[in-house]
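Some notes on the structure that comes next.
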Amino acid sequence: MANTDDDRRPKYQRIADSLREAIQSGEYGPGDRLPGENELMAAHGVARMTARQALSVLRDEGVAEARKGAGVFVREFRPLRRRGIQRLSQQQWGSGRSIWSADIENRALEVDQVTVSEEAAPDRISAVLELADDETVCVRRRRFVLEGKPVLLATSYLPTSVVAGSAITQEDTGPGGTYARLAELGYKPVHFREEIRSRMPSKDEAAQLSMSSGTPVILICRTAFADEGRPVEINEMTLDAASYILEYDFDA
């Protein structure tokens, strides 16, 4: 009999797949301990390194997490469903609600490591925002932590000439956030563009997001446009891929 594709998979991958299926079926729930290396060795007749590789696959996928001295457990953190269209509607930020409230439901969100500064614009930012050579930008850097888990790093760039003296230059921008303040300044966002890429994180990104080894990041660059197509903000975001589901729901 010819071997199937499944038969050709490495042993560690077959073990990882069976554990993943057990998690998806509910045999192991969030917070449950998975079989350890010794248990997998005995159950599958494999070497310790093979058992270790199988567990590493699940950790790298963000499905499981290791707890020092206790074993490997099904990850308890529930991925964040990022509703890419609903969250940016004027109905959301125009009513004083954070765009994050469209994503997090009743979950606890904290924004920390907030810094606001006036800086020379990097070339890529200056080109998109259509700035003169000597124009500066207001740079807002922050980290978003959901239920104690860092999930996102964000850096926003806005023309200083637009936002100088406004709440946008403060750590707390107030109800509705940056977009509500831009509207008050006469630069209401009427159109958004998001570009999405993925790569492995830098050492600093992995540390700031407390990421498991092998987990990629999602990069989202959003540009906000006011009337007549004027770009008024660029937001460069770095997301822990294991913490997110990107959802886009729109009519045909």
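- With a 6.0 Å radius and a threshold of 12 heavy atoms from other residues, nucleotides or ligands, Tyr248 has its OH atom above the threshold.
- The minimum heavy-atom distance between Thr173 and Ile168, with the atom names listed, is CG2-CA, 3.9 Å.
- Scanning both residues, Arg67 and Gly31, for their nearest heavy atoms gives NH2-CA, 4.2 Å.
- No option in Ile220, Val151, Val217, Leu219 other than Ile220 meets the side-chain contact (heavy atoms from CB on, under 4.5 Å) test with Leu239.
- Distance check: Phe192 CZ to Arg87 CZ gives 10.0 Å after rounding to the nearest 0.5 Å.
- No donor-acceptor distance shorter than 3.5 angstrom exists from the side chain of Arg83 to the backbone of Leu88, with no hydrogens or angles considered.
- Side-chain N or O atoms of Arg140 include none that pairs as donor or acceptor with a backbone N or O of Val114 at under 3.5 Å.
- Interatomic distance, CG of Leu153 versus CZ of Arg141, reported as 11.5 Å (0.5 Å rounding).
- Here the shortest heavy-atom pairing between Ser210 and Pro150 reads OG-CG, 3.9 Å.
- At distances below 3.5 Å, not a single donor-acceptor pair connects side-chain atoms of Arg197 with backbone N or O atoms of Glu195.
- Checking Ser56 against Arg59 by side-chain atom types alone, a donor-acceptor pair falls below 3.5 Å.
- Grouping the Ile, Leu, Val, Met, Phe, Trp and Tyr side chains by contacts below 4.5 angstrom, directly or via other members, places Val63 apart from Phe73.
- Taking 4.5 Å as the limit, some side-chain heavy atom of Val139 sits within range of a side-chain heavy atom of Thr155.
- Between Ala154 and Asn235 the shortest heavy-atom distance is CB-OD1, 3.7 Å.
- Residues Glu37 and Ala51 share a closest heavy-atom pair of O-CB, 3.8 Å.
- Leu109 and Tyr244 fall within the same hydrophobic cluster, where Ile, Leu, Val, Met, Phe, Trp and Tyr residues are linked whenever their side-chain heavy atoms come under 4.5 Å apart, directly or through other members.
- Expressed to the nearest 0.5 Å, how far CG of Leu158 lies from CG of Leu182 amounts to 6.0 Å.
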* So Tyr12 and Val46, side chain to side chain contact (heavy atoms under 4.5 Å, CB included) or not? Walk me through it. -> CA-CA 9 Å; Tyr12 77 86; Val46 296; over 6 Å; no
Pairs under 3.5 angstrom only: tabulate donor-acceptor contacts from the side chains of residues 225-234 to other protein residues two or more places apart or in another chain.
residue, atom, partner, partner atom, Å
Glu233, OE1, Tyr179, OH, 2.6
Glu233, OE2, Ser156, OG, 3.0

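- Atom OG1 in Thr50 sits 11.0 Å away from atom CG in Leu55 (nearest 0.5 Å).
- Remark: the backbone N or O of Thr136 is paired with a side-chain donor or acceptor of Thr160 at under 3.5 angstrom.
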* Asked: Would Leu34 and Leu40 count as a side chain to side chain contact (heavy atoms under 4.5 Å, CB included) if you check the C-alpha gap in whole Å, the side-chain angles of each, and the deciding distance to 0.1 Å?
  -> CA-CA 10 Å; Leu34 294 173; Leu40 293 176; over 6 Å; no
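- When hydrophobic clusters are built by joining Ile, Leu, Val, Met, Phe, Trp and Tyr residues whose side-chain heavy atoms come closer than 4.5 Å, directly or via intermediates, Ile196 is grouped together with Met237.
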* Apply the test side chain to side chain contact (heavy atoms under 4.5 Å, CB included) to residues Leu19 and Val57: give CA-CA distance (whole Å), side-chain angles for both, the deciding distance (0.1 Å), then the verdict. => CA-CA 10 Å; Leu19 288 172; Val57 168; over 6 Å; no
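- Glu119 and Ser117 share a side-chain donor-acceptor pair at under 3.5 Å.
- Across Glu135 and Glu130, no two heavy atoms sit closer than the pair OE2-O, 4.5 Å.
- Gln208 places no side-chain N or O within donor-acceptor distance of the main-chain N or O of Glu205, the cut-off being under 3.5 Å.
- For the atom pair CG of Asp240 and CD1 of Ile218, the computed distance is 8.5 Å after rounding to the nearest 0.5 Å.
- Formation of a donor-acceptor pair under 3.5 Å by the Arg14 side chain with backbone atoms of Arg9 is found in this model.
- In this structure, the side chains of Val116 and Cys138 come closer than 4.5 Å at one or more pairs of heavy atoms.
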* To do: Evaluate the criterion side chain to side chain contact (heavy atoms under 4.5 Å, CB included) for residue pair Arg75 and Lys149; output intermediate values, then yes/no.
  => CA-CA 12 Å; Arg75 195 176 186 191; Lys149 169 69 176 73; 3.0 Å; yes
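- Taken from CZ in Arg82 to CD1 in Ile245, the straight-line distance is 13.5 Å, to the nearest 0.5 Å.
- Under the 4.5 Å side-chain heavy-atom criterion for grouping Ile, Leu, Val, Met, Phe, Trp and Tyr, Val162 is not connected to Val137 through any hydrophobic cluster.
- For the pair Leu131 and Pro159, the minimum side-chain heavy-atom distance is below 4.5 Å.
- Around atom CG of Asp112, more than 12 heavy atoms belonging to other residues, nucleotides or ligands sit under 6.0 Å away.
- Residue Val128 is grouped with residue Ile125 when hydrophobic side chains (ILVMFWY) are merged at heavy-atom distances under 4.5 angstrom, including chains of intermediate members.
- Put simply, the side chain of Gln13 never gets that close to the backbone of Pro10: no donor and acceptor are under 3.5 Å apart.
- Looking only at side-chain heavy atoms (C-beta outward), Arg181 and Pro175 come within less than 4.5 Å of each other.
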